[in-house]
Amino acid sequence: MRMLDLYPAGTRLELGSVTFTAEDIIRFAEQFDPQPFHIDAEAAKHYVFGALCASGWHTCANWMKCFIGVIGREIARLKAEGIAPPKLGPSPGFSELQWLKPVYAGDTITFFMTPIDSHSVQGRNRYILNSAVSEGINQHGEPVLRFKSNLIEFFPDEETAA
């Protein structure tokens with residue numbers, strides 16, 4: 001089974017929701033993006049965002065966590081039904097990353113992925129490259145994150161090191 005057999009192009013797949021707490025925002029930012037508007041609620045009031053907000057990388061990391069959860073559950077379901085799941089590999093990258101609105105403490109973001117294309121790639125190893133629009137929408141229906149993601153899929157008959 002291929003990825004586009006599961007999720008045809010244009011199918012908007014809901015990956016899950018995450019509520020961003022002040023504690024989580026600060027914890028992530030202290031390690032990975034220690035800008036004042038991510039780590040200090042008082043200092044954040046004096047920046048363009050006006051309040052403590054999540055790092056865009058924190059938002060992206062939560063998209064990935066939700067994506068991995070959905071794909072993991074789907075692979076387990078297919079195996080339990082005796083269906084060979086897609087053989088997914090790593091991502092060769094993403095493009096057109098946009099952080100469209102700040103994600104504030106208390107915001108709940110729902111993440112989505114919409115497959116848009118799939119094609120074979122010839123090279124040292126033959127594989128399928130799946131492309132999708134990935135996004136996050138806040139509790140008010142406003143987009144906060146959007147990017148084009150890519151995911152390698154190995155042909156069922158190909159051996160992988162994974």
Side-chain angles (χ1 to χ4, degrees), residues 1-33 38 53-121 125-156 158-162:
M1 173 168 282
R2 293 196 36 206
M3 182 93 169
L4 278 187
D5 294 331
L6 283 174
Y7 310 115
T11 302
R12 191 175 194 214
L13 176 64
E14 185 172 325
L15 304 175
S17 298
V18 174
T19 298
F20 287 74
T21 67
E23 295 78 18
D24 289 339
I25 289 170
I26 293 167
R27 187 178 312 110
F28 182 94
E30 284 176 338
Q31 271 196 292
F32 304 109
D33 193 355
H38 298 320
C53 62
S55 165
W57 299 114
H58 187 188
T59 309
C60 288
N62 275 288
W63 179 93
M64 179 60 77
K65 181 180 178 182
C66 289
F67 171 75
I68 294 298
V70 165
I71 292 302
R73 288 187 298 277
E74 190 69 354
I75 288 172
R77 180 188 67 80
L78 290 169
K79 285 181 178 180
E81 293 176 8
I83 300 169
K87 293 174 80 174
L88 301 178
S91 170
F94 62 91
S95 62
E96 302 173 34
L97 174 61
Q98 298 173 296
W99 291 310
L100 301 164
K101 290 185 84 64
V103 173
Y104 294 107
D107 281 352
T108 298
I109 308 304
T110 302
F111 297 104
F112 298 91
M113 181 188 77
T114 305
I116 54 174
D117 186 36
S118 180
H119 64 274
S120 297
V121 176
N125 295 312
R126 190 172 66 112
Y127 60 90
I128 300 163
L129 183 63
N130 295 297
S131 298
V133 172
S134 300
E135 57 191 332
I137 309 293
N138 69 17
Q139 69 274 16
H140 305 295
E142 302 165 323
V144 300
L145 169 70
R146 185 177 301 122
F147 60 98
K148 184 178 177 188
S149 54
N150 297 295
L151 181 64
I152 289 175
E153 178 179 349
F154 298 101
F155 285 96
E158 305 280 331
E159 290 297 318
T160 63

Minimum heavy-atom distance [X]-[Y], with the two atoms named:
X: Ser118; Y: Arg2; answer: OG-NH2, 2.8 Å
X: Lys148; Y: Ser131; answer: CE-CB, 3.8 Å
X: Ile75; Y: Pro85; answer: CG2-CG, 3.8 Å

I'd like a table of donor-acceptor pairs (distance under 3.5 Å, sequence neighbours excluded) in which one partner is a side-chain atom from residues 132-140, with atom names and distances.
unit_1: Ser134; atom_1: OG; unit_2: Ser149; atom_2: OG; d: 2.8
unit_1: Glu135; atom_1: OE2; unit_2: Arg12; atom_2: NE; d: 3.1
unit_1: Glu135; atom_1: OE2; unit_2: Arg12; atom_2: NH2; d: 3.1
unit_1: Asn138; atom_1: OD1; unit_2: His140; atom_2: N; d: 2.9
unit_1: Asn138; atom_1: OD1; unit_2: Gly141; atom_2: N; d: 3.3
unit_1: Asn138; atom_1: OD1; unit_2: Glu142; atom_2: N; d: 2.9
unit_1: Asn138; atom_1: ND2; unit_2: Glu142; atom_2: OE1; d: 2.8
unit_1: Gln139; atom_1: OE1; unit_2: Thr108; atom_2: N; d: 3.0
unit_1: Gln139; atom_1: NE2; unit_2: Asp107; atom_2: OD1; d: 2.9

Going from [atom1] on [X] to [atom2] on [Y], what distance comes out if it is rounded to the nearest 0.5 angstrom?
X: Leu88; Y: Ile152; atom1: CG; atom2: CD1; result: 10.5 Å
X: Leu4; Y: Ile116; atom1: CG; atom2: CD1; result: 10.5 Å
X: Ile25; Y: Asp33; atom1: CD1; atom2: CG; result: 11.5 Å
X: Glu14; Y: Cys66; atom1: CD; atom2: SG; result: 9.5 Å
X: Tyr7; Y: Glu74; atom1: OH; atom2: CD; result: 3.5 Å
X: Thr21; Y: Ile26; atom1: OG1; atom2: CD1; result: 8.5 Å

key: Passing option when Phe111 is tested against Leu13, Val144, Leu15 for side-chain contact (heavy atoms from CB on, under 4.5 Å)   = Leu15

task = Quickly, which of Asp117, Val121, Leu151 forms a side-chain contact (heavy atoms from CB on, under 4.5 Å) with Leu129? Name it, please.
result = Val121

task = Sequence neighbours left out, what passes side chain to side chain donor-acceptor pair (under 3.5 Å) with Glu81? Give chain and number order.
result = Arg77

message = Quick check: do Ile128 and Met3 have side-chain heavy atoms less than 4.5 Å from each other?
response = no

Pairwise side-chain contact, Pro86 with Asp5, heavy-atom cut-off 4.5 Å (strictly under) = no

query = Just by distance, with hydrogens left out, do Asn150 and Ser91 show a side-chain donor and acceptor under 3.5 Å apart?
reply = no

key: The single option from Trp99, Trp63, Phe147 passing ring pair (Phe, Tyr, Trp, His ring centres under 6.0 Å) against Trp57   =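 Result: among Trp99, Trp63, Phe147, Trp99 is the only option passing the ring pair (Phe, Tyr, Trp, His ring centres under 6.0 Å) with Trp57.
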
message = Checking Phe28 now: which residues fulfil ring-ring contact (aromatic ring centres under 6.0 Å, His included) with it, not counting sequence neighbours?
response = Phe32, His58

